[in-house]
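I have placed the structure first, in the form of structure tokens, so that the comments after it can refer back to it.
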Amino acid sequence: MSQAKAVEAEPQEVLYEVADHIATITLNAPERMNTISATMLDQLTVRLKEADADPDVRCVILTGAGRAFCAGLDLRAQTQGAGLSIGSSGGVTSTSLDLKNTPPTVMQEMETPTICALNGGAAGYGMDTALGCDIRIMGKSAKLAAAFCKRGLVPESGGTWYLPRLIGWSKAAELIFTGRTLKADESVAWGLASEVVADEELMPRARAVAAEIAGNAPLAVRAAKRMMRMGLNEPFPEHVHHVYLQLLPLMRTEDLKEGMMAFMEKRQPDFKGR
């Protein structure tokens with residue numbers, strides 16, 4: 001049975017739909033504020049990979065059902081020994097971790113642009129997951145809660161990598177070490193989100209931004225994201241060289257010709273991803 005078929009046979013803790021070149025992935029355990037489970041993590045991984053591999057998908061929106069985006073770990077299950085476990089199986093502790101098929105790693109490797117539509121609180125793992133998206137749009141009632149150190153943990157799912165890059169060392173240190181919660185307006189002021197909209201306008205706004213992205217040449221958008229990601233970890237001369245090598249195949253695409261013709265003819269381009 002394929003991974004996607006296996007996901008469909010389980011309780012649907014992650015919903016998935018595609019329309020107008022936009023995939024919407026929804027964390028779907030509102031009764032527990034979308035706190036994470038092994039099932040949710042597995043399904044999220046499958047859906048993220050499915051979206052990234054689908055040539056019809058040009059942008060992904062990640063959001064949550066109910067009043068929270070993701071409240072992090074299910075602390076009640078964790079304290080009762082029924083939550084997630086890392087590095088052990090059958091009483092044997094592993095000395096290595098296989099993280100290549102976990103959502104943070106999959107999101108970091110995705111070439112399809114991602115938008116997090118934060119419909120409510122994002123705490124712990126939920127905050128790290130939001131940070132893993134390219135763009136964050138927050139509803140007025142949404143919050144980012146960096147409560148890791150308050151619970152005896154570190155930002156285990158990408159936060160220690162993303163935060164210093166997004167807001168600088170000093171602000172990242174302040175946020176992580178204090179375990180502070182930022183309201184939506186504060187999150188924008190800190191540079192952790194693009195904008196705040198009324199709660200009822202969150203998904204329409206996220207879809208509008210996604211539609212803008214989907215209307216551009218998809219091969220170029222994916223290449224731009226690939227180059228941005230590479231640029232985080234390489235010196236400028238090497239990066240310029242990689243950008244030039246990426247430019248060469250784009251110059252031979254049908255989409256480039258369409259983009260040029262549409263500009264000269266003063267019309268909207270019709271990109272095919274070829």
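What you see below is based on every heavy atom in this structure, not just the backbone, and it leaves out hydrogens, waters and symmetry mates.
- Within the 4.5 Å cutoff, the side chain of L245 has no heavy atoms near those of the M227 side chain.
- Here side chain to side chain donor-acceptor pair (under 3.5 Å) pairs that include residues 124-135, with residues two or more places apart or in two chains, are T114-D134, D134-K225.
- Counting only heavy atoms from C-beta outward, the side chains of V221 and F271 never approach each other to under 4.5 Å.
- Contact record, W190 with L175: CZ3-CB, 3.9 Å, taken as the closest heavy-atom pair.
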Subject >> Stepwise side chain to side chain contact (heavy atoms under 4.5 Å, CB included) test for M251 and L256 >> reply: CA-CA 6 Å; M251 295 289 286; L256 177 73; 4.0 Å; yes
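- Of all heavy-atom pairs between L27 and C70, the closest is CD1-CB, 3.9 Å.
- Listed by chain and number, the residues in a side-chain hydrogen bond (donor to acceptor under 3.5 Å, both in side chains) with D20 amount to none (sequence neighbours excluded).
- With respect to E195 and R205, a salt bridge is recorded, a charged nitrogen being found less than 4.0 Å from a carboxylate O.
- For the side chain to side chain contact (heavy atoms under 4.5 Å, CB included) criterion with L62, the lone passing option out of L44, L118, T26 is L44.
- In this view, A262 and E258, R267, P269 satisfy the side chain to side chain contact (heavy atoms under 4.5 Å, CB included) rule, not counting sequence neighbours.
- No donor-acceptor contact under 3.5 angstrom links the side chains of R136 and S187, judged on distance only.
- Counting heavy-atom neighbours within 6.0 Å of E265 CD, excluding the residue itself, gives a total above 12.
- At most 12 non-hydrogen atoms from other residues, nucleotides or ligands lie less than 6.0 angstrom from CZ of R67.
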**OP:** Check the pair R32, M40 against side chain to side chain contact (heavy atoms under 4.5 Å, CB included), reporting the backbone distance first and the verdict last.
**Re:** CA-CA 12 Å; R32 61 172 198 263; M40 179 180 285; 3.9 Å; yes
Original post:
Do M127 and L163 pass the side chain to side chain contact (heavy atoms under 4.5 Å, CB included) test, and can you show the C-alpha distance, the side-chain angles, and the key distance before you say yes or no?
Top reply: CA-CA 11 Å; M127 176 174 169; L163 284 167; 4.2 Å; yes
**OP:** Given salt bridge (charged side-chain N to carboxylate O under 4.0 Å, His left out), test R47 with E50 step by step and report yes or no.
**Re:** CA-CA 5 Å; R47 293 313 189 188; E50 182 176 352; 2.6 Å; yes
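- When all heavy atoms of A117 and F69 are compared, the pair lying nearest together is O-CD1, 4.4 Å.
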